[in-house]
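Everything below concerns the one structure shown next.
The model shown is predicted, which means the values in this text are computed figures rather than measured ones.
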Amino acid sequence: MAAGGLVAGVAGSATVSGASSEYGTVVDIVEDFGADPTGEEPINDALHEALTDDTKVIFPEGTYYIAENGIHRWDFGDGIEGERVSNVALVGEGDVTLRPSSDIDDFIFAIWGDSVHIEGFRIDETADDTAVGLSHKCEQHLVIRDVTFEGVSDTPGALTKVGPAVTDPDGTALVENLHIPDGSTDFTDHTAVWIFPDHAGDILFDRCSIQGVSDNALYGSPPGQPGAGGGSVRVENSFFKNNNVTAIRLGTPGSYAKNCTVVTEEGEIPPNPWGAITSRAGWVWYNFDGVYENIDVIHDHPNGEGILDHHDDTRDLSLEVKNCRFELNNDGSNAVRFGYPGVDTLAMKNVSVTGEAGDGAAIDLGNCEVDAKNLCLSQTGGNRDGISLENVTGSIRNARIDVTGDSIVADADSDVSVRELPARGNCPSPSGSHPFDS
């Protein structure tokens, strides 16, 4: 599968550059396997040979050309793509760029096994008609750290930039400092992160940023599908801007999003192949049971939405929205929409909604049990209601609602106790600034 590359005469008898307690062998892909660090000759053959079990492969500073369809080490039972690996690491030291072939729509690395570690790479997809990704499904351990994609994904096909999972229920994965600043072109079907349905362990995304993709930014709900792995997906300290469909999409117990920022700008979200745009800050599916906490959301795009549930009567959802701030400037949008059509539980605490949105309601609830306190809603657009209730039970305490329509609109089937409802209040606004906003 690999293109003919430059492999030094030491192939087959590579020297050991060192060892560590984690890896039995540590090799230098340039010194030990003759890989070209100038980006002129492909390194496929060298990397295929270096990539053996219990080995750390170091990439010295430079540019590395990966030809054709990248490096694939997965095995679906027929061995066509090569055997899986056990306890391997690919680590860039210094300024290391991976440059794929142009006219490619495939994974640059598809490396599956017991334990995989990928760290320290800039992936250059600035060439025309180029989109590449990483696919890493592991039984026990996975680390993807300090990886940045540069260039706009502009191929017509569907592609996931990062596809991670750990399939053992006790397995753990970390995706840290993953940055996708350039997104994809209009009318494409590109997802930034897609979690495999058979993910059964725990995966943490920390200090990541995703901007301008035409499909979901962090698509973490597949493990919640009926019969899937059910693994948790946790998201912390991350930034999402101008992404179509959803910024943070979750669907399993133990999953959550904390300390994140979601921003949309008018005219800046790439539509999918059918021209559709809906940009949700959060979207919960299946049997999600977790929290969106300390999330700042600013929507200027007319199709921006807050934290929503999926309309699926097979689920059993429990959602907490805590210490979140929404600025909605687009008419008809909801900061929180929850409870259609299943009967689920929603807790809200210290939630603020500001901005110029008109029409509809800032918070739209139905067929659920709600426990809400310390809400502050201030919306200045015309005909804007505060909270809409349809077949809802529970309580709302200490809510400050200042809107142009009705504070609370409830149907005859709702039974919600409301206490302490001041006419006005100064609601805290979200901060749109973030260190990862390019």
Side-chain angles (χ1 to χ4, degrees), residues 1-20 22-73 82 85-101 104 106-113 115-127 130 132-136 138 141-151 161-162 164 174-180:
M1 167 165 237
L6 179 63
V7 181
V10 297
S13 58
T15 60
V16 175
S17 302
S20 72
E22 293 182 271
Y23 304 97
T25 305
V26 178
V27 297
D28 183 307
I29 196 165
V30 175
E31 291 184 3
D32 297 331
F33 290 90
D36 176 18
T38 70
E40 297 298 322
E41 298 291 338
I43 68 163
N44 297 52
D45 287 350
L47 184 52
H48 270 297
E49 188 167 3
L51 195 59
T52 58
D53 290 350
D54 200 25
T55 299
K56 178 179 180 180
V57 182
I58 294 174
F59 288 68
E61 189 164 305
T63 298
Y64 298 86
Y65 171 43
I66 299 179
E68 294 183 346
N69 295 326
I71 310 299
H72 292 185
R73 295 292 292 274
V85 296
S86 176
N87 196 36
V88 300
L90 306 181
V91 178
E93 294 190 346
D95 186 1
V96 177
T97 298
L98 304 177
R99 182 169 61 85
S101 301
I104 183 176
D106 204 346
F107 296 115
I108 192 171
F109 292 157
I111 301 171
W112 297 9
S115 177
V116 174
H117 187 121
I118 307 293
E119 180 174 349
F121 295 107
R122 177 186 298 111
I123 299 175
D124 178 4
E125 52 178 350
T126 56
T130 300
V132 296
L134 305 174
S135 176
H136 302 293
C138 300
H141 303 291
L142 171 64
V143 174
I144 301 172
R145 178 184 287 128
D146 298 337
V147 172
T148 298
F149 288 81
E150 290 189 352
K161 287 193 172 300
V162 177
L174 172 65
V175 180
E176 184 178 46
N177 283 324
L178 167 69
H179 301 295
I180 303 172

**Request:** Would you name the heavy atoms of Pro100 and Ile108 that are closest together and state the gap between them?
**Result:** CB-CD1, 4.1 Å
**Item:** Pro60 versus Val30, closest heavy-atom pair with distance
**Value:** CD-CG2, 3.8 Å
**Message:** Are the side chains of Val26 and Ile58 in contact, using a 4.5 Å heavy-atom criterion?
**Reply:** yes
**Fill in**
For Gly39 and Tyr65 the tightest heavy-atom approach is O-CB, 3.5 Å
**Request:** Under the side-chain contact (heavy atoms from CB on, under 4.5 Å) rule, what do Ile123 and Leu134 come out as? Steps first, then yes or no, please.
**Result:** CA-CA 10 Å; Ile123 299 175; Leu134 305 174; 4.0 Å; yes
**Request:** Tell me, please, which residues at least two apart from Thr63 pass side-chain contact (heavy atoms from CB on, under 4.5 Å).
**Result:** Thr97, Arg99
**Request:** Decide side-chain contact (heavy atoms from CB on, under 4.5 Å) for Arg145 and Leu174; before the verdict, give the C-alpha distance in whole Å, the side-chain angles of both, and the deciding distance to 0.1 Å.
**Result:** CA-CA 8 Å; Arg145 178 184 287 128; Leu174 172 65; 3.5 Å; yes
**Fill in**
Which of Asp124, Leu98, Val162 passes side chain to side chain contact (heavy atoms under 4.5 Å, CB included) with Phe149? It is Val162
**Item:** Atom pair CZ (Arg73) and OG1 (Thr52), whose distance is rounded to the nearest 0.5 Å
**Value:** 8.0 Å
**Request:** Calculate, to the nearest 0.5 Å, the distance between atoms CD1 and OG1 belonging to Ile104 and Thr130 respectively.
**Result:** 7.5 Å
**Request:** Determine whether the aromatic ring centres of Phe59 and Phe121 lie less than 6.0 Å apart.
**Result:** yes
**Message:** What I'd like to find out is whether the side chain of Lys56 reaches to under 4.5 Å of the side chain of Val27, using heavy atoms alone.
**Reply:** no
**Asked** Is there a donor-acceptor pair under 3.5 Å between the side chain of Asp54 and the backbone N or O of Asn87?
**Response** no
**Request:** Quick one: pull up OG in Ser135 and CZ in Phe109 and give me the separation to the nearest 0.5 Å.
**Result:** 12.5 Å
**Asked** OG of Ser115 to CD of Glu22: how many Å apart, nearest 0.5 Å?
**Response** 8.5 Å
**Atom pair CD1/CD of Ile180 and Glu125 - distance to nearest 0.5 Å** = 8.5 Å
**Request:** Could you tell me the separation between the OH atom of Tyr64 and the CG atom of Asp36, rounded to the nearest 0.5 Å?
**Result:** 8.5 Å
**Message:** So, using side-chain contact (heavy atoms from CB on, under 4.5 Å) as the criterion, who are the partners of Asn177 when residues are at least two apart?
**Reply:** Asp146, His179, Arg207, Phe436
**Asked** Which atom names give the shortest non-hydrogen contact between His136 and Val116, and what distance separates them?
**Response** ND1-CG1, 3.9 Å
**Complete:** When every non-hydrogen atom of Pro37 is compared with those of Glu61, the smallest separation belongs to CB-O, 4.4 Å
**Item:** Thr148: side-chain hydrogen bond (donor to acceptor under 3.5 Å, both in side chains) partners, not counting sequence neighbours
**Value:** none
**Fill in**
Looking only at heavy atoms, the pair that brings Ile29 and Ile43 closest together is CD1-CD1, 4.4 Å
**Request:** Using modelled atom types only, decide if a donor and an acceptor are shared between the side chain of His72 and the backbone of Phe107 within a distance under 3.5 Å.
**Result:** yes
**Message:** With side-chain contact (heavy atoms from CB on, under 4.5 Å) as the criterion, how do Leu90 and Ile111 come out once you've worked through the C-alpha distance, each side chain's angles and the decisive distance to 0.1 Å?
**Reply:** CA-CA 10 Å; Leu90 306 181; Ile111 301 171; 3.7 Å; yes
**Item:** Stepwise side-chain contact (heavy atoms from CB on, under 4.5 Å) check, Tyr23 with Thr55
**Value:** CA-CA 5 Å; Tyr23 304 97; Thr55 299; 5.9 Å; no
**Asked** Quick one: are His117 and Val91 in side-chain contact, heavy atoms under 4.5 Å?
**Response** yes
